[in-house]
Amino acid sequence: MRAVILAAGVGRRLGAGADHPPKAALEFGGKSLIARHLEILRHLGVEQVTVATGYKSELLEREIARAGAGFASCVLNPAYRDGSIVSLWAARRALASGADILLMDADVLYDYRLLARLVESRHVNCFLMDRQIEPGDEPVKLCVREGQLVDFHKIVRNPCDYYGESVGFFRLSPPVASRLAARSESYVSGGRGGEWYEEALRDVLLESAPGTFGFEDITGLPWIEIDFPEDVARARDEILPRLAGVPRGGDK
């Protein structure tokens with residue numbers, strides 16, 4: 001299994017001034033987000049990690065080296081001020097490598113058991129859903145009808161029985177990951193480089209046969225996506241104290 005981490009963005013909404021670090025370099029409990037990702041991925045047996053960097057890429061490269069993560073490498077997205085679809089495109093070779101893929105947003109602080117549930121899922125193509133969703137258009141929603149995923153968007157467009165929030169972590173089989181890589185290529189070459197990568201993933205979901213994608217409900221496990229200054233405070237004060245420690249050695 002291989003992981004692709006999207007970590008190129010500027011993080012404008014944090015409002016931290018012109019010289020703020022990349023979100024993946026933010027530290028919680030003395031450890032950066034990227035170091036936490038790599039520690040968890042190593043524990044779960046992921047053999048190779050590709051990190052799509054952009055804004056202050058050299059800082060993230062230093063963080064990866066400091067973490068001693070020889071199984072991780074970086075690909076540069078020089079157009080990091082465009083949409084995140086360009087980061088997905090920058091990592092297209094990793095996506096199309098023939099491996100099972102974990103596609104991950106970098107700006108998430110989370111309990112390792114959340115990602116373990118994705119790795120261990122019976123669904124070879126899988127989303128993570130939290131039923132405790134805040135109201136409004138900001139959360140990316142996973143919509144379910146008759147037990148099947150029918151949409152994936154900030155705005156609910158298709159009728160559904162219920163929806164939850166997407167964590168921003170996805171498991172993709174080799175054929176589906178290759179289709180996503182091709183779709184990212186079509187967005188960039190078609191002049192749609194300002195789009196979010198979720199648009200391409202939504203395309204693949206809607207074009208797939210029913211049952212191609214499943215989901216795991218992780219409601220109750222602590223996690224937070226960090227977009228705004230208040231998210232940083234909540235991550236530090238509410239989420240971090242609730243995280244289970246990553247087991248050492250052969251412990252699970």
Side-chain angles (χ1 to χ4, degrees), residues 1-12 20-26 32-42 44-108 110 115 118-119 125 167-204 225-226:
M1 184 170 283
R2 183 172 187 166
V4 173
I5 303 176
L6 303 181
V10 175
R12 297 181 185 90
H20 63 279
K23 287 195 284 184
L26 293 174
S32 67
L33 287 179
I34 192 64
R36 289 177 174 275
H37 287 312
L38 295 171
E39 179 184 27
I40 292 169
L41 289 166
R42 182 186 284 117
L44 294 175
V46 173
E47 298 171 348
Q48 197 168 3
V49 179
T50 299
V51 183
T53 63
Y55 173 70
K56 295 198 173 182
S57 58
E58 68 286 350
L59 197 157
L60 283 182
E61 290 171 4
R62 287 199 299 270
E63 279 295 308
I64 292 168
R66 189 170 72 167
F71 66 122
S73 60
C74 297
V75 293
L76 180 65
N77 168 16
Y80 57 83
R81 295 187 184 276
D82 292 344
S84 57
I85 189 69
V86 185
S87 293
L88 194 68
W89 175 81
R92 63 195 181 280
R93 292 182 180 175
L95 290 173
S97 63
D100 291 295
I101 297 293
L102 296 177
L103 177 62
M104 305 171 61
D105 288 338
D107 58 349
V108 181
Y110 60 100
L115 194 60
L118 186 62
V119 170
N125 297 292
V167 174
F169 297 163
F170 316 92
R171 177 177 170 177
L172 307 173
S173 66
V176 168
S178 292
R179 286 170 55 199
L180 183 60
R183 183 52 61 107
S184 74
E185 175 79 39
S186 71
Y187 269 68
V188 174
S189 63
R192 299 179 64 189
E195 299 279 3
W196 299 102
Y197 81 88
E198 288 93 344
E199 293 292 341
L201 186 54
R202 179 178 187 265
D203 291 344
V204 174
E225 181 182 9
I226 297 168

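What's counted below: heavy atoms across the whole structure, side chains too, no hydrogens, waters or symmetry copies. Throughout, residue positions are numbered sequentially from 1 according to the sequence presented. Just so we're clear, the structure is a prediction, and the values are computed from it rather than from any experiment.
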Step-by-step salt bridge (charged side-chain N to carboxylate O under 4.0 Å, His left out) determination, E63 to R66: CA-CA 5 Å; E63 279 295 308; R66 189 170 72 167; 2.8 Å; yes
Show the numbers, then the answer: is there a side-chain contact (heavy atoms from CB on, under 4.5 Å) between L118 and F170? CA-CA 7 Å; L118 186 62; F170 316 92; 5.6 Å; no
I would like to know whether Y187 and D203 meet side-chain contact (heavy atoms from CB on, under 4.5 Å); could you show each step before the answer? CA-CA 11 Å; Y187 269 68; D203 291 344; 2.6 Å; yes
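For the residue pair D105 / Y197, a side-chain donor-acceptor distance below 3.5 Å is found, with atom types taken as modelled.
How far CD of E61 is from OG of S73: 10.0 Å, rounded to the nearest 0.5 Å. Here the CG-CE distance, from L172 to M1, works out to 9.5 Å after rounding to the nearest 0.5 Å. Note that the CG atom of L201 and the CG atom of L103 stand 7.0 Å from one another [nearest 0.5 Å]. Atoms CZ and CZ, on R179 and R183 in that order, are 8.5 Å from each other to the nearest 0.5 Å. Interatomic distance, T53 OG1 to I34 CD1, rounded to the nearest 0.5 Å: 9.5 Å.
When all heavy atoms of A177 and I101 are compared, the closest pair comes out as CB-CG1, 3.7 Å. Nearest heavy atom pair, residue N77 against residue A90, reads CB-CB, 4.2 Å. Pairing each heavy atom of L60 with each of A25, the nearest pair is CD2-N, 3.9 Å. Listed here is the closest heavy atom pair of L33 and A106: CD1-O, 3.8 Å. Scanning both residues, S184 and W89, for their nearest heavy atoms gives OG-CA, 3.5 Å.
In this structure, N125 contributes its side chain and S173 its backbone to a donor-acceptor pair below 3.5 Å.
M104 pairs in a side-chain contact (heavy atoms from CB on, under 4.5 Å) with only one of the listed residues (L6, L41, V4, I40), which is L41.
Using a 4.0 Å cut-off between a side-chain N of Lys or Arg and a carboxylate O of Asp or Glu, E195 and R192 qualify as a salt bridge. Here R202 does not pair with E199 in a salt bridge; the nearest charged N to carboxylate O distance is not below 4.0 Å. Using a cut-off of 4.0 Å between Lys/Arg side-chain N and Asp/Glu carboxylate O, E47 and R2 are scored as not salt-bridged.
R171 pairs by the salt bridge (Lys or Arg N to Asp or Glu O under 4.0 Å) definition with nothing, not counting sequence neighbours.
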